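Below is one structure, written out as structure tokens; the observations come after it.
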Amino acid sequence: MQEVTLYTDGACKGNPGIGGWGALLQSGLHSKELFGGEANTTNNRMELTAVIQGLAALKRPCIVHIYTDSQYVKSGMQQWIHNWKARGWKTASKQPVKNVELWQALDAEVKKHQVQWHWVKGHNGHAGNEKADQLANRGVSLVQ
């Protein structure tokens with residue numbers, strides 16, 4: 001299987017507000033930049049969308065190393081999602097999971113690949129994360 005590195009980030013001007021997402025895919029000497037935006041969204045929605053769009057761009061199953069500065073996304077996929085699904089997409093307090101349609105879309109995309117999650121501190125000079133942040137801000141500029 002081909003190995004791919006996926007750097008993702010979301011941005012929001014106001015929360016909720018105008019938002020953008022960015023994804024940088026790298027494999028060997030090849031790279032692909034993706035970005036987009038939404039008029040009325042949240043930072044968490046943009047973080048999720050970045051990963052969904054990055055994975056959706058892959059044409060075949062891959063080993064994917066996902067780098068995100070979002071503990072929300074990483075913890076959601078590594079810890080919380082199993083219990084949410086077991087409870088019918090409800091939280092421990094029996095409330096509907098926020099952004100459920102995005103979590104379900106991400107879950108579907110992750111199942112197509114062998115995914116390894118990595119957290120990086122945002123705005124800390126990590127080249128891939130910085131590029132994903134720039135792409136997310138380009139996504140915001142599409143909406144403004």
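Note that the structure is predicted; figures quoted are calculated from it, not measured.
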Which atom pair, heavy atoms only, marks the closest approach of [X] to [Y]?
X	Y	answer
Ala23	Gly54	CB-CA, 4.1 Å
Met46	Gly20	CB-O, 3.3 Å
Gly22	Ala50	O-CB, 3.4 Å
Gly10	Asn43	O-OD1, 3.3 Å
Tyr72	Trp80	O-CZ3, 3.6 Å

Who passes salt bridge (charged side-chain N to carboxylate O under 4.0 Å, His left out) against [X], sequence neighbours left out?
X	value
Glu130	none
Lys131	Glu33
Lys90	none

| message | If hydrophobic residues (ILVMFWY) are linked whenever their side-chain heavy atoms come closer than 4.5 Å, directly or via other members, who joins Ile63 in its cluster? | response |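 Reading the cluster by chain and number, Ile63 sits alongside Met1.
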Who passes side chain to side chain contact (heavy atoms under 4.5 Å, CB included) against [X], sequence neighbours left out?
X	answer
Ile18	Val140, Val143, Gln144
Gln79	Ser75
Lys59	none

Side chain to side chain, [X] and [Y], heavy atoms closer than 4.5 Å:
X	Y	answer
Asn129	Tyr67	no
Trp103	Lys98	no
Pro61	Lys112	no

Return the [atom1] to [atom2] distance between [X] and [Y], rounded to the nearest 0.5 Å.
X	Y	atom1	atom2	answer
Leu48	Gln104	CG	CD	12.0 Å
Ile81	Asp107	CD1	CG	4.0 Å
Lys85	His82	NZ	NE2	7.0 Å
His113	Arg60	NE2	CZ	10.5 Å
Leu58	Leu25	CG	CG	5.5 Å
Gln78	Gln71	CD	CD	9.0 Å

Can I get a per-line list of side-chain donor-acceptor pairs under 3.5 Å for residues 34-42, giving both atom names and the distance, sequence neighbours left out?
unit_1	atom_1	unit_2	atom_2	d
Thr42	OG1	Arg45	N	3.2

| query | When hydrophobic residues are tied together by side-chain contacts of less than 4.5 Å, even through go-betweens, does Leu24 share a cluster with Ile52? | reply | no
| message | Holding to side chain to side chain donor-acceptor pair (under 3.5 Å), I want the full list of residues that pass it with Ser27, two or more places apart in sequence or in another chain. | response | Gln2
| request: For Trp84, enumerate each residue passing the side chain to side chain donor-acceptor pair (under 3.5 Å) test, keeping only those at least two apart in sequence or located in another chain. | output: none
Enumerate, atom names and distances included, each donor-acceptor pair closer than 3.5 Å involving a side-chain atom of residues 114-122, sequence neighbours excluded.
unit_1	atom_1	unit_2	atom_2	d
Gln116	OE1	His65	ND1	3.1
His118	NE2	His65	ND1	3.3
Trp119	NE1	Asp69	O	3.2

| task | Determine the sole option in Val51, Leu6, Val110, Thr5 for which the side chain to side chain contact (heavy atoms under 4.5 Å, CB included) test with Val64 is passed. | result |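 Exactly one option meets the side chain to side chain contact (heavy atoms under 4.5 Å, CB included) with Val64, and it is Leu6.
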| Side chains of Ser70 and Thr68: is there a donor and an acceptor less than 3.5 Å apart? |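 No, no side-chain donor-acceptor contact under 3.5 Å.
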| field | Flag, side chain of Arg87 to backbone of Thr91, donor-acceptor distance under 3.5 Å | value | yes
| task | Could you list all the side-chain hydrogen bond (donor to acceptor under 3.5 Å, both in side chains) pairs where at least one residue sits in residues 7-22, not counting sequence neighbours? | result | Lys13-Asn137
